[in-house]
Amino acid sequence: MLNNEYCKRVYEQILARDPDQKEFHQAVYEVLEGLEPMVERRPELEKNGILERFVEPERVVTFRVPWTDDAGQVHVNRGYRVQFNSAIGPYKGGLRFQKNVYEGIIKFLGFEQTFKNSLTGLPIGGAKGGSDFDPRGKSDAEVMRFCQAYMTELYRHIGQDIDCPAGDLGVGGREIGYLYGQYRRLKGTFENGVLTGKGFSYGGSLTRPEATGYGAMYYLQEVLKHEGEEIKGKTIACAGFGNVTWGICKKALHLGAKVVTLSGPDGYIYDEEGVSSSEEKVNYLLEMRASGRNRVQDYADKFGVPFFPGEKPWGVKADVIMPSAMQNDVNMESAQKIVANGVKYYIEVANMPTTNDALYYLMSQKNMVVAPSKAVNAGGVGVSALEMSQNSERLVWTAEEVDAQLHKMMVNIHKVSAEAAEEYGLGYNLVAGANIAGFQKVANAMMEQGIF
Ligand code: 2IT
């Protein structure tokens, strides 16, 4: 419940302005809850209208994306780019291509991105974009034509010092390649810092594909260290089987942790030995993704492990829960199962994977450590920023250099979050700590730069 009058007023204002954007309301509510103790202590925030400015994007671009399918039929999708906050650096954040995309989803993601990017400690502002285009079931040529049409409008709003998109759900290396190709043709210049997650041959960074999952595991290591435990031998329940989950499994294999579940739209699989028990299994996730079938049952069929159709993995016994698929994957019912199983570590990985009632219920458990996605998954965008650095320098760093920087970044994100919570008397509250630490840097930059 919000108690502070200023926070309440700002929340009511967004409800009134955009009543249909429920994911955005959810993200803002969760942040305001965490910020309350700081808002109480810093009256200059209200005087400067900082929260009102924070929740209102600097710019929202909506555009028509017409493209032709293989049969010659023309389709029209809607494109978005929400440029949320540029106080500490050029706008930065991914593009999501998924059927359910609308302004409320892109705004929740862009809002969260502002905090996340601030937490990386690197100079990147917050943005997000995407389209209600569904790449599943489309041919390569259709995806290429869609990406070209999308960039034909987007290019006028972005640039390596203006706004630098990357991938998100439905946008991987293939889509970034088509998007960058079109940008380069339209601009007539090799300005490759404009997009990240590129192929290695034209400016992509080593370790960018693994970065979100690796970063999440480095963050988990810090949490475990804080609790006097170690990662070796821990069982982890994950969701999804995409890029992020693959990165987690790959790092779990190196570190001797055991990822026991994966999920998909069709259900979940339970691998007692661990998906992270062999390179063959970890690599199979790439094959599943490339097949475009969008079925996790294929894993069960290939490796002879149990498959639970239509179910989520949150009822399994594990040391660590890492929801790594999509928003609102864990609701109150799932949270109750997690608590009943005596799980100690709830580490969000996907953007906003927990409904707010479930999140507060989990956070209220004395024996549970809850970590928020905007801190845990920040390694992805963090390495994107390192990709931009390499592009600016026209140099290529080794995988070891990138990994060392990523590791340092995640250690620091955990540290500043824990310290911010401590400073406001909140104990080891990583959720509020990440909100406060991410917010302060941007808010201070906004105040120092005058009203805009
Ligand atoms: O949610 C995210 O942080 C991303 N999709 C990555 C954004 C980026 O610019 O690398």
Side-chain angles (χ1 to χ4, degrees), residues 81 83 86 88-95 113-114 116-129 147 151 154-155 157-168 171-219 243-244 246-247 250-251 254 286 375-413 441:
R81 186 70 180 166
Q83 297 177 330
S86 60
I88 63 166
Y91 305 108
K92 177 95 197 83
L95 301 173
Q113 198 80 43
T114 305
K116 185 194 309 196
N117 293 4
S118 164
L119 283 169
T120 65
L122 296 169
I124 38 179
K128 204 84 186 191
C147 289
M151 185 54 83
L154 186 70
Y155 90 98
H157 307 289
I158 62 175
Q160 62 186 8
D161 298 313
I162 302 169
D163 181 358
C164 315
D168 194 82
V171 179
R174 173 181 65 163
E175 289 75 16
I176 293 293
Y178 293 146
L179 289 163
Y180 180 61
Q182 185 70 349
Y183 182 84
R184 190 171 58 72
R185 270 173 233 116
L186 289 165
K187 295 282 285 202
T189 153
F190 198 87
E191 185 194 300
N192 62 354
V194 68
L195 288 171
T196 60
K198 298 180 293 292
F200 185 64
S201 62
Y202 57 98
S205 175
L206 293 171
T207 314
R208 176 63 189 90
E210 290 89 346
T212 312
Y214 278 21
M217 292 298 276
Y218 293 149
Y219 187 100
N243 171 262
V244 176
W246 166 74
K250 202 167 162 185
K251 186 50 75 179
H254 299 162
L286 298 176
V376 177
N377 75 25
V381 73
V383 172
S384 274
L386 301 179
E387 182 173 331
M388 290 164 71
S389 302
Q390 293 169 73
N391 298 153
S392 295
E393 297 187 314
R394 296 172 195 266
L395 289 175
V396 176
W397 301 354
T398 63
E400 290 71 28
E401 281 174 281
V402 177
D403 194 41
Q405 292 247 16
L406 169 63
H407 187 247
K408 208 164 66 183
M409 195 187 306
M410 299 313 300
V411 169
N412 194 53
I413 291 173
K441 181 179 175 191

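Predicted model only: the values in this text are computed from it and were never measured.
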Asks: Answer yes or no: is there a donor N or O on one side and an acceptor on the other, between the side chain of Glu401 and the main chain of Thr398, under 3.5 Å?
Replies: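 Flag set: sc Glu401 to bb Thr398 pair under 3.5 Å.
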
Asks: For the side chain of Asn377 and the backbone of Ala216, is there at least one donor-acceptor N/O pair under 3.5 Å apart?
Replies: no

Asks: Looking at every heavy atom in both Ala375 and Met410, which two are closest together, and how far apart are they?
Replies: O-CE, 3.4 Å

Asks: Pick from Lys198, Gln160, Glu191: which one makes a side-chain hydrogen bond (donor to acceptor under 3.5 Å, both in side chains) with Asn391?
Replies: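 Checked Lys198, Gln160, Glu191 against Asn391; only one passes side-chain hydrogen bond (donor to acceptor under 3.5 Å, both in side chains): Lys198.
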
Asks: Just so I know, are the side chains of Leu122 and Asn117 near enough to count as touching, which here means a heavy-atom distance under 4.5 Å?
Replies: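 No, too far: nothing below the 4.5 Å cut-off.
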
Asks: Give a yes or no on whether the backbone of Gly197 and the side-chain of Glu387 come within a donor-acceptor separation of less than 3.5 Å.
Replies: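 Confirmed, Glu387 side chain pairs with Gly197 backbone.
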
Asks: Can you tell if the side chain of Tyr183 reaches within under 4.5 Å of the side chain of Val194, non-hydrogen atoms only?
Replies: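 Answer yes - side chains close enough.
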
Asks: When rounded to the nearest 0.5 angstrom, what distance separates OH in Tyr91 from CD1 in Ile124?
Replies: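 It comes to 14.5 Å.
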
Asks: CD1/Ile88 to OG1/Thr114 distance, rounded to the nearest 0.5 angstrom?
Replies: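 Ile88 CD1 to Thr114 OG1: 8.5 Å, rounded to 0.5 Å.
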
Asks: Identify the two heavy atoms, one from Ala166 and one from Thr196, that lie closest to each other, and give their separation to 0.1 Å.
Replies: CB-OG1, 3.2 Å

Asks: For the atom pair OG (Ser205) and CG (Leu386), what is the distance rounded to the nearest 0.5 Å?
Replies: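 It is 6.5 Å, given to the nearest 0.5 Å.
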
Asks: Indicate yes or no: does Glu210 engage Lys250 in a salt bridge with an N to O separation below 4.0 Å.
Replies: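 Yes, this pair counts.
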
Asks: With rounding to the nearest 0.5 angstrom, report the CG to CG distance, Asn412 to Leu119.
Replies: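 Reported to 0.5 Å precision, the distance equals 9.5 Å.
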
Asks: Tell me the ring-ring contact (aromatic ring centres under 6.0 Å, His included) pairs involving residues 185-215, sequence neighbours left out?
Replies: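 Listed once each, the pairs are Tyr180-Phe190, Tyr180-Tyr202.
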
Asks: Does Met409 form a side-chain contact (heavy atoms from CB on, under 4.5 Å) with Tyr218? I'd like the steps, not just the answer.
Replies: CA-CA 9 Å; Met409 195 187 306; Tyr218 293 149; over 6 Å; no

Asks: If we ignore angles and hydrogens, is there a donor and acceptor under 3.5 Å between the side chains of Arg208 and Ser384?
Replies: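 Note: Arg208 and Ser384 side chains meet the donor-acceptor criterion.
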
Asks: Got Gln182 and Tyr178 here, is their nearest side-chain heavy-atom distance under 4.5 Å?
Replies: no

Asks: Taking atom CE of Met151 and atom NE2 of His157, what is their separation to the nearest 0.5 Å?
Replies: 11.0 Å

Asks: Does Lys128 reach the side chain of Gln113, with side-chain heavy atoms less than 4.5 Å apart?
Replies: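 A side-chain contact exists here, since the closest heavy-atom pair is under 4.5 Å.
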
Asks: Determine, for Lys92 against Asp163, whether the closest basic-nitrogen to carboxylate-oxygen distance falls under 4.0 angstrom.
Replies: no

Asks: Rounded to the nearest 0.5 Å, how far apart are SG of Cys164 and CE of Met388?
Replies: 3.5 Å

Asks: Taking side chain as C-beta onward, heavy atoms only, is Pro165 less than 4.5 Å from Arg81?
Replies: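 The answer is yes; the side chains approach within 4.5 Å.
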
Asks: Restricting to non-hydrogen atoms, name the atom on Ile413 and the atom on Thr120 that form the minimum distance, rounded to 0.1 Å.
Replies: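 Ile413 and Thr120 have their closest heavy atoms at CD1-CA, 4.1 Å.
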
Asks: Taking C-beta and beyond as the side chain, do Leu95 and Glu175 meet within less than 4.5 Å on heavy atoms?
Replies: no

